[in-house]
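Data first, discussion second: the structure below is written as structure tokens.
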Amino acid sequence: MPKESVSRMLTQAKPFVAVILMQFGLAGMPIITKFALNQGMSQHVLVVYRHAVAFVFITPFALFFDRKIRPKMSLSVFVKIVLLGLLEPVIDGNLFYTGMKLTTATFTTAMCNVLPAFAFIMAWIFRLEMVDIRRLHSQAKILGTIVTVGGAMLMTLVNGPMLTLPWTRSSSHHQSTSSTDSQDPIKGALMITAGCFCWASFFILQAITLKVYPAELSLTAWICLMGALEGTVAALAFEWHNPAAWAIHLDSKLLAAVYGGVICSGLTYYIQGMVMKERGPVFVTAFNPLSMVIVAILSSIALSEILYLGRVMGAMVIIIGLYMVLWGKSKDPLPQPDSEAAEDKVATTV
């Protein structure tokens with residue numbers, strides 16, 4: 001009995017551990033990307049290189065581990081994959097990076113906290129999320145989503161006094177003020193918000209696609225391939241008169257492409273697909289605010305970005321909303337495996 005209880009606890013903890021580790025991996029991307037963009041890298045070319053690297057990285061694993069479970073490709077599945085490659089790698093990727101270029105890494109990550117709200121509403125519409133307004137845990141999920149968005153708005157709109165941290169005192173204030181000259185927070189916020197809508201749509205479509213194509217690694221490889229191909233068309237259109245934008249060397253630009261491809265595309269698409277099959281898209285996106293807290297700290301160290309009291313207060317509100325959503329999700333009944341469902345059906349018939 002103790003062994004069974006421990007095994008059950010470990011099984012229940014796996015999705016939480018996987019998504020938390022995924023958020024730590026995602027948190028490194030805005031820091032590395034912002035540094036590469038500051039060095040002059042084209043955001044459109046970065047999208048192409050990132051997903052090309054992801055395809056090369058994940059394909060061998062897909063060929064080996066999915067060889068016995070990979071279903072046949074149908075036209076409807078292929079159309080879904082084309083849309084998946086367009087939604088997140090191309091549209092969201094270009095909007096996200098352009099928005100980051102116009103703002104800061106912390107601002108961009110904070111704005112992405114509207115993602116759980118978009119995902120929750122879409123999952124509710126497409127019946128991927130169980131919501132009964134009469135029940136307390138459903139009310140907690142709705143209220144937690146609203147609180148999370150409110151915290152993101154607080155963090156974005158209210159600065160408050162500047163926080164002088166030990167590691168930022170010696171950093172030049174000139175760096176921070178000079179970088180704001182080329183920023184456009186309003187345009188950047190609109191681009192990031194539009195990108196998050198596409199990102200949430202990607203989560204929903206991925207959850208739907210996994211029901212008919214339940215091979216996570218193969219689906220990830222297909223998404224990365226389509227993202228690289230479609231992204232190339234977009235990048236050629238944007239950088240047609242700038243062939244030098246495609247040049248890459250052993251520097252931060254290469255690091256951004258490799259890190260983004262391996263961690264943020266290859267592994268992230270696979271992990272979120274695995275967790276999504278068990279817990280749904282809202283559970284995966286509910287952890288998104290964690291990366292914002294991590295980025296806020298790391299960017300103040302690595303990029304000399306200034307932290308403000310209003311943003312810290314917004315982060316605390318976001319965490320409160322996150323825990324409300326997670327508490328509501330913890331009260332949802334877990335989906336039964338197919339074998340158990342079949343046994344229950346037989347027992348009911350008998």
Where the side chain of [X] meets the backbone of [Y], is there a donor-acceptor pair that is under 3.5 Å apart?
X	Y	value
R50	C264	yes
Y270	A221	no
K34	T103	yes
E216	M274	no
Y49	G261	no
S138	V131	no

Work out which heavy atom in [X] is nearest to a heavy atom in [Y]; give both atom names and the distance.
X	Y	value
Y97	L37	O-CD1, 3.7 Å
P30	T109	CG-OG1, 3.7 Å
A119	A200	N-CB, 3.8 Å
V284	M22	CG1-CE, 3.9 Å
A52	A228	N-CB, 3.9 Å
V90	G227	CG2-O, 3.8 Å

Side-chain heavy atoms of [X] within contact of [Y], under 4.5 Å:
X	Y	result
T33	M100	yes
C112	F96	yes
M226	F78	yes
V82	L86	no
Y269	P89	yes
I146	F120	no

From [X] [atom1] over to [Y] [atom2], what is the distance, rounded to the nearest 0.5 angstrom?
X	Y	atom1	atom2	result
S74	K80	OG	NZ	7.0 Å
L95	I192	CG	CD1	9.5 Å
T98	L190	OG1	CG	13.0 Å
I69	Y213	CD1	OH	9.5 Å
D92	L115	CG	CG	8.5 Å
M276	I271	CE	CD1	11.5 Å

Transitive ILVMFWY side-chain link [X] to [Y], under 4.5 Å:
X	Y	value
V79	V233	no
I186	L102	no
V262	I248	yes
F64	L217	yes
I91	F238	no

Of F197, F202, W124, the one forming a ring pair (Phe, Tyr, Trp, His ring centres under 6.0 Å) with F118 is F197
Using the side chain to side chain donor-acceptor pair (under 3.5 Å) criterion, which residues pair with R67? Sequence neighbours excluded.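 Checked R67 against side chain to side chain donor-acceptor pair (under 3.5 Å); zero matches.
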Around atom [atom1] of [X], are there more than 12 heavy atoms of other residues, nucleotides or ligands at under 6.0 Å?
X	atom1	result
M73	CE	yes
W222	CH2	no
F16	CZ	yes

R70: what forms a salt bridge (charged side-chain N to carboxylate O under 4.0 Å, His left out) with it, not counting sequence neighbours?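 Partners of R70 by the salt bridge (charged side-chain N to carboxylate O under 4.0 Å, His left out) criterion come out as none, since no residue qualifies.
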No-hydrogen, no-angle side-chain donor-acceptor test under 3.5 Å, E239 and S42: yes
Other than L136, which residues form its hydrophobic cluster under the rule that side-chain heavy atoms must be closer than 4.5 Å?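 W327, listed by chain and number.
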